[in-house]
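Along the sequence shown, residues carry numbers from 1. The model shown is predicted, which means the values in this text are computed figures rather than measured ones.
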Amino acid sequence: MSKQKTKFCCQECGYESPKWMGKCPGCQSWNTMVEEIETVVRTKGMNSSTPRTKEKPTPIIHIESSPEPRVVTSNKELNRVLGGGIVPGSLILVGGDPGIGKSTLLLQTSFELTQAHQKVLYISGEESVKQTKLRADRLNAASPLLYVLCETNLELIEEAIQEIEPDFLVIDSIQTVYHPAITSAPGTVSQVRECTGHFMRIAKGKGIATVLVGHVTKEGAIAGPRMLEHMVDCVLYFEGERHHSYRVLRAVKNRFGSTNEIGIFEMQEAGLVEVSNPSELFLSERPLGVAGSTVVASMEGTRPVLVEIQALVSSTNFPSPRRMATGVDHNRLSLIIAVLEKRMGMFLQNQDAYLNVAGGVKLDEPAVDLAIAISIASSFRDHATRPFDVVFGEIGLTGEVRGVSRIDQRVKEAEKLGFRRVIMPEKSLKGWTHPPGMEIIGVNTVSEALKAALE
């Protein structure tokens, strides 16, 4: 027997309620509760509806471990983010702003897989087959092993998968696919959850690497229930500014690799082109001899990236000065300003402070603290730093400079780009030999760092 039940689901976080509410108790969003009809099927007992499994529990020491086989594409940046390549049978979720280049990246990846004799099925629920063909012609990504289908019905998509038997499947996008047995509209919490569960079973059962394209909310998070990110094996965010030509592919969840890796691409007329040396790209327009500009060596996963940090400190006419940060945590900026005021005697209470990471990169590791402090002090004193200095180190509340990891990779990257001097924590110099052509200055406090950088 079946019974229909009405419920209200939040389209932002998936919170369910038996009655409508203007504000969601789960995510505090307004006007996101949508009515959905759920069909409840009652069964007589568990034995009649639940299939019995034939597998038995096995001691973990008796289970043979083997490395996951991967399909390595010709796109090195994508391979880096995925942990070395695409794992067959994995379920990958890709999110990003509209027009950022998600479809372009996946269509290029599909073509590259066909060059490795992989059969690819591209399901487009937002564009017609002719529109996809026009994009493929622009990207020069046409191949007889690349199949395109414009369909949103889940049952028809499953029939196409059984007929084609692809090695790689792309669903663009998951919010447009619907299950005919569910009465709610496509894109709702029930539809997204049910369709994702079907694709997960297809990917694991048939060993098909599946990529789901997900829409994002105005806050930048992937739309739909939070459980969607828990169901998939890998979650990738495609970031970037529309007014800039480069894009950043970042992994926030990866069951087959690290979550700290990023891939950097440049959007050109012929599609996305991987950037093999991102440090050179970020520093290409760096001004020399300007107060408030400092180069920091940051680690993004296993890759060292040199980025310019710019600070502007100016007097304010308001009782409360402004603190604005782009690319770093706002609270981190306030903390470093407090350290400069307390330990260095800088009077910044009547000064507005603006901080920007050039190029739109987001830095979240503590090793950028010292570069932020030097940039603020340089702008406050109107004294430029040396143009070929690289700075990195973590700052404590007492004004000490703490050690960081992977200093050899940071220094080698600075040497490769022509920098001559590195200001770094003294504690990180133990057990390490620096390159002969680089001048290394070890500091223990912020005062020593400012004296070395602004002398």
Side-chain angles (χ1 to χ4, degrees), residues 68-96 99-124 126-127 129 131-149 160-161 164-173 199 203 206-214 232-240 245-251 254 256-258 261-278 301 303:
E68 292 287 345
R70 297 178 184 268
V71 179
V72 180
T73 67
S74 58
N75 194 326
K76 297 180 180 179
E77 295 296 303
L78 180 62
N79 295 334
R80 176 193 297 272
V81 176
L82 292 176
I86 301 174
V87 177
S90 60
L91 188 62
I92 304 171
L93 178 63
V94 180
I100 205 68
K102 301 185 297 297
S103 301
T104 300
L105 174 65
L106 294 178
L107 192 58
Q108 287 185 221
T109 303
S110 301
F111 174 72
E112 293 168 358
L113 289 174
T114 59
Q115 302 304 301
H117 307 288
Q118 299 282 321
K119 190 182 297 185
V120 181
L121 177 59
Y122 191 98
I123 306 295
S124 177
E126 300 175 349
E127 296 179 332
V129 176
Q131 288 176 312
T132 307
K133 180 61 167 61
L134 291 175
R135 178 184 283 112
D137 292 339
R138 178 174 58 86
L139 301 176
N140 194 17
S143 172
L145 293 178
L146 177 57
Y147 296 84
V148 181
L149 174 65
I161 295 173
I164 301 297
E165 295 183 352
D167 302 305
F168 187 71
L169 175 65
V170 178
I171 306 296
D172 189 7
S173 63
F199 288 122
K206 297 181 177 294
I208 303 174
T210 305
V211 177
L212 307 178
V213 179
V232 300
D233 298 317
C234 184
V235 180
L236 305 180
Y237 277 90
F238 207 38
E239 305 170 351
S245 60
Y246 62 87
R247 304 288 187 266
V248 177
L249 184 65
R250 188 184 305 272
N254 192 356
F256 307 106
S258 173
E261 299 288 353
I262 64 170
I264 301 178
F265 303 86
E266 184 178 3
M267 179 65 78
Q268 298 182 359
E269 185 178 355
L272 290 167
V273 179
E274 56 182 341
V275 178
S276 58
N277 192 348
R303 163 191 284 172

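- Side-chain N or O atoms of Q108 include one that pairs as donor or acceptor with a backbone N or O of L272 at under 3.5 Å.
- At a threshold of 4.5 Å between non-hydrogen side-chain atoms, the residues L146 and L107 count as touching.
- Between I264 and the options R80, R250, R303, a side-chain contact (heavy atoms from CB on, under 4.5 Å) holds for only R303.
- Panel note: side chain N254, backbone C234; no donor-acceptor pair is recorded below 3.5 Å.
- Side-chain contact check for Q118 versus I86: every heavy-atom pair is 4.5 Å or farther apart.
- From S90, atom OG reaches atom CZ of R70 across 8.5 Å, with rounding to the nearest 0.5 Å.
- Side chains of F265 and N75 form a contact here, defined as non-hydrogen atoms less than 4.5 Å apart.
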Practice item. Report the C-alpha distance between L212 and F199 in whole Å, list the side-chain angles of each, state the deciding distance to 0.1 Å, and finish with yes or no for side-chain contact (heavy atoms from CB on, under 4.5 Å). Key: CA-CA 9 Å; L212 307 178; F199 288 122; 4.1 Å; yes
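- Remark: the backbone N or O of K76 is paired with a side-chain donor or acceptor of E274 at under 3.5 angstrom.
- Checked by atom type and distance alone, the side chain of D233 pairs as donor or acceptor with a backbone atom of L91 at under 3.5 Å.
- A heavy-atom distance below 4.5 Å is found between the side chains of R135 and S103.
- Nearest heavy-atom pair across I161 and P166 is O-CD, 3.6 Å.
- Side-chain contact between R138 and T104: present, with at least one pair of heavy atoms (C-beta onward) separated by less than 4.5 Å.
- Ionic pairing of R247 and E77 is not present here: no N-O contact between side-chain nitrogen and carboxylate oxygen is shorter than 4.0 angstrom.
- A 4.5 Å side-chain heavy-atom check between F168 and V211 finds at least one atom pair inside the cut-off.
- Between L82 and I92 the shortest side-chain heavy-atom distance falls below 4.5 Å.
- Shown here for K102 and V94, the closest heavy-atom pair between the two residues is CD-O, 4.3 Å.
- Counting only heavy atoms from C-beta outward, the side chains of Y122 and D172 approach each other to under 4.5 Å.
- Here the straight-line distance linking atom CG of L249 with atom CD of E261 works out to 11.0 Å at 0.5 Å rounding.
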